[in-house]
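What follows is one structure encoded as structure tokens, with my remarks underneath.
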Amino acid sequence: MSFDNHVIQLNDTKEMPMLGLGVYKATDDGELKQAISSAAALGYRLIDTASFYKNEEGVGKAIKSLGLPREELFVTTKIWNTAQRIGDIEDSFNRSLERLGLDYVDLYMIHWPVPGCFCDTWKVMEKLQAAGKIKSLGVSNFSIADLELLKTVSDVVPAVNQVEFHPLFNHPKLLSYCQANGITIQAYAPLARGAYLQSPLMIEIGKRYGKTPAQIGLRWLVQQQIAVIPKSTHPERLKENSLIFDFSLSDEEMTAITAMDAGQRIAGIPEDMIPYIK
């Protein structure tokens, strides 16, 4: 099943696939090539990486081996905290671009809201976008307060805010704020690294639709217009994660899943950001 038509229109009129491939912690070139090749064959067109992942070069090689037209792909990468602190924004971006072997990226994000730095980082990113090297500008791990601060220095609203988001850790206030301001939420760790896959509720709902708990969790997200980038390098899991567009959850089921929220963050926070992230 192809899901090419399952896209969300960003606030800058660009279209982004609702489902993409996350490649965090995949650093072996062979593993990356196999995962990206398998994902592309299934219809995946979004690949999410970051300079911090230390795999942009491998991602670039894998993209090249696909032989797909560049305009069919949506490639995301991010700037790390260190580069923000030393003001190495443009050079850091150009190094990412070179490692990826691309002329532009579809979405460039601030990986974490480094205090005292991210507003300046954003202004440089605007210039890179004006030069045609970035199609859409985004942020990651930003709170409402961070987004409000950004608003005081720029009229360019982030197209995307990529945050940890899943049934055990959801952000109703942040989601409402972002949707009211035209910012698309993109969920990383949407499967909570397996933490809810044994949930009796998720298993029960899954049985009603002939779906796995993972598929139910991903469906709960996309049904709220939240894009998802589950990480997997296994072809069967990649296929499973893609089969989420052929059914819909009821309002009651959506509410029951939302009620699972336990404020349970699964992904880690970088040591240099721990004092600032609630």
Side-chain angles (χ1 to χ4, degrees), residues 10-12 16 22-25 27 47-60 74-100 102-165 171 174 177-178 181 183-189 229 265 267-278:
L10 304 177
N11 61 23
D12 57 9
M16 182 179 79
V23 296
Y24 178 48
K25 290 190 175 177
T27 54
I47 301 162
D48 176 87
T49 184
S51 61
F52 179 71
Y53 301 169
K54 307 297 183 192
N55 61 11
E56 289 171 316
E57 194 170 342
V59 168
F74 193 102
V75 182
T76 297
T77 192
K78 312 175 194 78
I79 187 161
W80 188 241
N81 306 346
T82 312
Q84 290 193 69
R85 286 196 170 93
I86 63 175
D88 185 31
I89 315 307
E90 188 165 358
D91 284 350
S92 180
F93 170 79
N94 285 329
R95 288 193 296 272
S96 286
L97 205 59
E98 185 177 348
R99 286 190 290 263
L100 288 163
L102 300 175
D103 295 325
Y104 67 90
V105 294
D106 297 275
L107 175 64
Y108 194 55
M109 291 191 241
I110 297 177
H111 207 148
W112 287 89
V114 178
C117 299
F118 68 80
C119 288
D120 292 333
T121 300
W122 188 255
K123 300 302 285 185
V124 178
M125 286 166 56
E126 286 183 28
K127 293 175 183 175
L128 291 165
Q129 183 184 39
K133 293 184 174 184
I134 301 168
K135 297 298 183 184
S136 296
L137 299 180
V139 296
S140 183
N141 301 297
F142 272 50
S143 66
I144 293 173
D146 297 326
L147 293 165
E148 281 290 302
L149 182 57
L150 195 59
K151 196 187 285 187
T152 66
V153 300
S154 175
D155 293 330
V156 179
V157 178
V160 174
N161 185 15
Q162 186 186 105
V163 296
E164 179 178 350
F165 207 121
H171 317 258
L174 181 64
Y177 174 90
C178 285
N181 286 273
I183 302 169
T184 295
I185 290 278
Q186 186 181 53
Y188 71 79
I229 46 168
R265 187 188 289 272
I269 300 171
E271 285 187 13
D272 63 335
M273 289 300 298
I274 288 173
Y276 313 108
I277 302 296
K278 294 178 181 177

field: Lys/Arg N to Asp/Glu carboxylate O, Asp88 vs Arg95, below 4.0 Å
entry: yes

- prompt: Does Tyr104 have Lys135 sitting over its ring (NZ/CZ under 6.0 Å from centre, angle to axis within 45°)?
  reply: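 Positive - Lys135 is close enough to the ring of Tyr104 and near enough to its axis.
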
- request: Carefully, step by step, assess Cys119 and Leu149 under the rule side chain to side chain contact (heavy atoms under 4.5 Å, CB included).
  value: CA-CA 8 Å; Cys119 288; Leu149 182 57; 4.0 Å; yes

message: Can you tell me if Glu148 has over 12 outside heavy atoms packed within less than 6.0 Å of its CD?
response: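 Count over threshold, so yes.
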
- request: For atom NZ of Lys151, decide whether the heavy atoms of other residues, nucleotides or ligands shown that lie under 6.0 angstrom number more than 12.
  value: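 For Lys151, atom NZ is crowded (more than 12 foreign heavy atoms under 6.0 Å).
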
Return yes if some donor-acceptor pair links the side-chain N/O of [X] with the main-chain N/O of [Y] below 3.5 Å, else return no.
X: Ser154; Y: Leu150; value: no
X: Glu164; Y: Ala267; value: yes
X: Asp106; Y: Val75; value: yes
X: Asp272; Y: Asn81; value: no

- request: Decide yes or no on salt bridge (Lys or Arg N to Asp or Glu O under 4.0 Å) for Glu56 and Arg99, but give the supporting numbers first.
  value: CA-CA 6 Å; Glu56 289 171 316; Arg99 286 190 290 263; 2.7 Å; yes

Measure the [atom1]-[atom2] distance between [X] and [Y] for me, rounded to the nearest 0.5 Å.
X: Asp12; Y: Ser136; atom1: CG; atom2: OG; result: 3.5 Å
X: His111; Y: Ser51; atom1: NE2; atom2: OG; result: 8.0 Å
X: Lys133; Y: Gln129; atom1: NZ; atom2: CD; result: 13.5 Å
X: Ile274; Y: Ile269; atom1: CD1; atom2: CD1; result: 6.0 Å
X: Asn161; Y: Cys178; atom1: CG; atom2: SG; result: 5.0 Å
X: Leu97; Y: Asp103; atom1: CG; atom2: CG; result: 7.0 Å

What is the minimum heavy-atom distance between [X] and [Y], and which atoms define it?
X: Ile183; Y: Val160; result: CG2-C, 3.9 Å
X: Asn11; Y: Val157; result: ND2-O, 3.5 Å
X: Val23; Y: Asn55; result: O-ND2, 2.9 Å

Ring centroid separation Phe118 to Phe142 under 6.0 Å: yes

Are side-chain heavy atoms of [X] and [Y] found at a separation under 4.5 Å?
X: Pro270; Y: Trp112; value: yes
X: Tyr53; Y: Thr77; value: no
X: Val105; Y: Ser96; value: no
X: Pro158; Y: Leu147; value: yes
X: Met16; Y: Gln186; value: yes
X: Leu137; Y: Met125; value: yes
X: Thr76; Y: Ile47; value: no
X: Gln162; Y: Ile229; value: yes

Verdict with reasoning, Lys78 to Tyr108, per side chain to side chain contact (heavy atoms under 4.5 Å, CB included): CA-CA 5 Å; Lys78 312 175 194 78; Tyr108 194 55; 5.6 Å; no

message: Test side-chain hydrogen bond (donor to acceptor under 3.5 Å, both in side chains) on Asp146 and Tyr276; report intermediate values, then the result.
response: CA-CA 11 Å; Asp146 297 326; Tyr276 313 108; over 6 Å; no

task: Mind running side chain to side chain contact (heavy atoms under 4.5 Å, CB included) on Ile185 and Tyr177 for me, showing each step along the way?
output: CA-CA 10 Å; Ile185 290 278; Tyr177 174 90; over 6 Å; no

